[in-house]
Amino acid sequence: MRYSRLFIPTLKEAPADAEAISHKLMVRAGFVRQLAAGLYIYLPLGQRVMQKINEIIREEMNAIGGQEVTMPVLNPAEVWQQTGRWDAIGDEMFRLKDRGGRDMCLAMTHEETMTWLAAHDLRSYRDLPQIWYQIQTKVRDEARPKSGILRTREFTMKDSYSFDCDEAGLDKSYQLHLEAYKKIYSRCGIKFFVVQSDTGMMGGSMAHEYMAPSPAGEDEVALCEGCGYAANVELALSVPKASKSPDWNFEEVATPERRTIDEVTRFLKVTPDLLIKSILVMSDNGPVLALVRGDQMLHEKKLAKLIGPHRPAQKDEVKAALGVPAGFIGPMGHAIRKIADPVLKQGLYAAGANKEGYHVKGVSAEKHLADAEFSDIHVAGAGDACAQCGKELRIERVIEIGNIFKLGTKYSAPLKANYLDENGNEKAIVMGSYGIGPARIAAAAVEQGNDENGIIWPPAIAPYQLLIVPVNVKDRKSMDIAEEMYAALEEKGFEVLMDDRDERAGVKFKDADLIGIPWRIVIGEKNLKEGMVEIKERRNGVVEKVKVEETIEKIAKKLVLEA
RNA sequence: CGGGGCGUGGCGCAGCCCGGUAGCGCGUCUGCUUUGGGAGCAGAAAGUCGGAGGUUCGAAUCCUCUCGCCCCGACCA
């Protein structure tokens, strides 16, 4: 392709409202444009990147026996009502009515329609297993679209669904996806971790997430170098370092107007890990007291697994439930359910005295938390020890680029997706669901591959493999050689972009760096006098001078190696 | 949904506090010169200041409402 005919609107400055590096660079380099909050236009270069990613996904999905289909984006309400999600999902679903007044929605995922299909057309154990997938649009009315292409309201997703007779079959389908996904991300050239994840609202028994390390990410994972344990901090188990308690006797201390952990630690001149944080939450079954160490954060999702949906109690609710003003709650007494983090089993702590203006020192688990249930409810933090092997955990910020779930019969049961087994018994199909966000792969690649001059694409998903830059298009000889190389390399099947614009060298070089094509051949008059051209690698800036007649062979070798 | 910020030629911004009908840089177009890291000079086109209402002789500037966008948090199938 000739640059002069390609629409690549590059910008010298990033739009002021872009924050994430990938957002800034993809806009500046002319890959995307924003239409509205969370709605993006893919320009020719962006489109090519997406197509390359999708093609890699397609190849790997086909390799595990996946069959590509396409579900409608516009869905009737009925299937969603049957699984209960019509009501369970709130504002995040776009809803509308057709001309006949029937309720419709825009699909934010496709468990319902895929399972509907299975219910209609899978009858016998002989039909199973099946893996169906699509690369298609999802629409979600996100509360807060952000970070450019990372969280949008409309996006392409590769979603696949497996249908098996039993758990053993599901295990196989799950394993196939687990491996296929690793290949996909590896081929795309990005760094990633596979971590255990929360099954969340999707239900099911097992889930993994694929996470690309990047400061622009919205999630955090805990990683153990020792045993390889890797989990989303939402469920990561960890053992905090034990605190060194002083030899406290149980006694009350006046702490007037000291309510927060910060105020109390400063007043008592102790570190936060010597306090017990008592947090009252309101669950469907009444108030629950959550107890964590002062330096820990309560993890709401971990707590939710134990007590269900809940919210922090209001100040007046604290007073009503415990008879204590907020800020002075202690773990002792209170005839309500108490859940304490296991770290509190050891040591002596300071805590609220259940009396306004007072705290107590010398609280111990055996004496004062006898009626509490112990369960890991803290957010795993850096420096905590791995719950499996004891080595120190590392916490990394990541972008979620894919996830896989064992669904079981969560969707097949309500939608009556059943089959007849060998004995003629009707059974529910056992399902799995698996998602990949191609746009997030692209964004993660940019987040991980860039420098002060622009994007550095991994070769496999770069919009073009090679850029030919004749420095001066008015120089006949340069152009003849450029044209010759361009034709020859295209002939060999490489994706070549030729910068045939009548621009100054600086402009061309700046644009070249910005859009991040892995290899570049620079054809200039000076080098040509010695019969040489330059091959420059984007990722490291290394320049190699090569003879004109050897160029095609040399660059072809490099490109083949990468393909 | 809570908190914060911002809407002025295509992009980045100034002007607003102390009302007098719009300015700078980049980009775009034309010409000449230049030509290996976002060129120089000369000239030109392009905005009615997010929208509506109000105050005023007069509003980008003040007031009210409203829409949009970004960031933090909540939420995230």
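Fair warning: this is a prediction, and the values are worked out from it, not measured in the lab. Chain naming here is simple, since letters A, B, ... match the order of the sequence lines and numbering starts at 1 in each.
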**Message:** I'd like to know if the side chain of A:S162 pairs up with that of A:H177 as donor and acceptor (distance under 3.5 Å, no hydrogens or angles considered).
**Reply:** no
**Request:** Please confirm whether any donor atom in the side chain of A:K510 sits under 3.5 Å from an acceptor in the base of B:G36, or the reverse.
**Result:** no
**Message:** Can you tell me which nucleotide in B:U34, B:C13, B:G37 comes closest to the side chain of A:A16?
**Reply:** B:C13
**Complete:** In whole angstroms, the gap separating P of B:G37 from CD1 of A:I523 amounts to 17 Å
**Asked** Within the structure shown, what part of the strands sits under 4.0 Å from A:S147 by heavy-atom distance: base, sugar-phosphate, or nothing?
**Response** sugar-phosphate
**A:R85 side-chain N/O to B:A77 phosphate OP1/OP2 under 4.0 Å** = no
**Prompt:** Which of these nucleotides, B:G37, B:C76, B:C11, is closest to any side-chain atom of A:P15?
**Reply:** B:C11
**Request:** Could you tell me the separation between the CD1 atom of A:I515 and the P atom of B:G38, rounded to a whole number of Å?
**Result:** 18 Å
**Prompt:** With a 4.0 Å cut-off on heavy atoms, is A:R151 in touch with a base, just the backbone sugar-phosphate, or nothing at all?
**Reply:** base
**Prompt:** More than 12 heavy atoms of other residues, nucleotides or ligands under 6.0 Å from CG of A:D91: is that the case?
**Reply:** no
**Asked** Should the pair A:Y40 and A:H23 be assigned to parallel (<30°), tilted (30 to 60°) or perpendicular (>60°) ring geometry?
**Response** perpendicular
**Fill in**
Of B:G36, B:A77, B:G37, the nucleotide closest to the side chain of A:E534 is B:G36
**Item:** Sugar-phosphate only, base, or nothing, as touched by A:K138 at under 4.0 Å among non-hydrogen atoms
**Value:** nothing
**Asked** Is there a donor on the side chain of A:R501 or the base of B:G38 sitting less than 3.5 Å from an acceptor on the other?
**Response** no
**Request:** For A:R33, answer base if it contacts any base atom (sugar-phosphate contacts may also be present), sugar-phosphate if it contacts only those atoms, and nothing otherwise; contact means non-hydrogen atoms under 4.0 Å.
**Result:** nothing
**Options B:G38, B:A77, B:G37, nucleotide nearest the side-chain atoms of A:K536** = B:G37
**Prompt:** Looking at A:K12, does any N or O in its side chain come under 4.0 Å of the phosphate oxygens OP1/OP2 on B:G27?
**Reply:** yes
**Message:** Taking the minimum atom-to-atom distance to the side chain of A:V471, which one of B:C72, B:A77, B:G36 wins?
**Reply:** B:G36
**Message:** On RNA chain B, does the nearest nucleotide to A:D502 precede the nearest nucleotide to A:K508 from the 5' side, or the other way round? Give the residue.
**Reply:** A:D502
**Residue met sooner reading RNA chain B from 5', once A:E19 and A:A14 are mapped to nucleotides** = A:A14
**Touch class at under 4.0 angstrom, heavy-atom based, for A:P9 against every strand present** = nothing
**Asked** What does A:A37 touch in the nucleic acid at a heavy-atom separation under 4.0 angstrom: a base, only the sugar-phosphate, or nothing?
**Response** sugar-phosphate
**Request:** Identify whether any heavy atom of A:E503 sits under 4.0 Å from a base atom; if not, whether one sits that close to sugar-phosphate; answer base, sugar-phosphate or nothing.
**Result:** nothing
**Message:** Partner lookup for B:C6, please. Criteria are Watson-Crick or G-U wobble with both distances under 3.5 angstrom; report none if nothing qualifies.
**Reply:** B:G68
**Prompt:** Counting side-chain heavy atoms from CB outward, which of B:C70, B:G37, B:G36 is closest to A:K526?
**Reply:** B:G36
**Request:** Take the protein atom CG of A:L106 and the nucleotide atom P of B:A77, then report the distance between them rounded to whole Å.
**Result:** 19 Å
**Asked** From A:L122 CG over to A:W132 CH2, what is the distance, rounded to the nearest 0.5 angstrom?
**Response** 4.0 Å
**Message:** Tell me whether the side-chain N or O atoms of A:D511 pair up with the base of B:G38 as donor and acceptor below 3.5 Å, since no angle test is needed here.
**Reply:** yes
**Asked** When we call it a touch if two heavy atoms are under 4.0 Å apart, what does A:D91 touch: a base, just sugar-phosphate, or nothing?
**Response** nothing
**Request:** For A:K138 and A:H110, test the side chains for any donor-to-acceptor distance below 3.5 angstrom and give the result as yes or no.
**Result:** yes
**Request:** Mind calculating the distance between CD1 (A:I21) and P (B:C71) to the nearest angstrom?
**Result:** 14 Å
**Item:** Given B:C69, B:G38, B:C71, the nucleotide with the shortest approach to the side chain of A:R144
**Value:** B:C71
**Message:** Would you say that A:L178 contacts A:Y210 through its side chain, given a criterion of any heavy-atom pair below 4.5 Å between the two side chains?
**Reply:** yes
**Item:** Out of B:C11, B:G37, B:A77, whichever nucleotide has its closest atom nearest the side chain of A:E13
**Value:** B:C11
**Prompt:** Across the strands shown, which category fits A:E112 at heavy-atom distances under 4.0 angstrom: base, sugar-phosphate, nothing?
**Reply:** nothing
**Message:** With hydrogens left out and only the distance checked, is there a donor-acceptor pair under 3.5 Å joining A:R28's side chain and the base of B:G27?
**Reply:** no
**Asked** Side chains of A:E525 and A:N472: donor-acceptor distance under 3.5 Å anywhere?
**Response** yes
**Message:** Which nucleotide wins on minimum distance to the side chain of A:T10, given the candidates B:G36, B:C70, B:G38?
**Reply:** B:G38
**Message:** Counting only side-chain heavy atoms from C-beta out, which of B:G36, B:C11, B:C71 sits nearest to A:V522?
**Reply:** B:G36
**Request:** For B:A77, take OP1 and OP2 only and decide whether either is under 4.0 Å from a side-chain N or O of A:K410.
**Result:** no
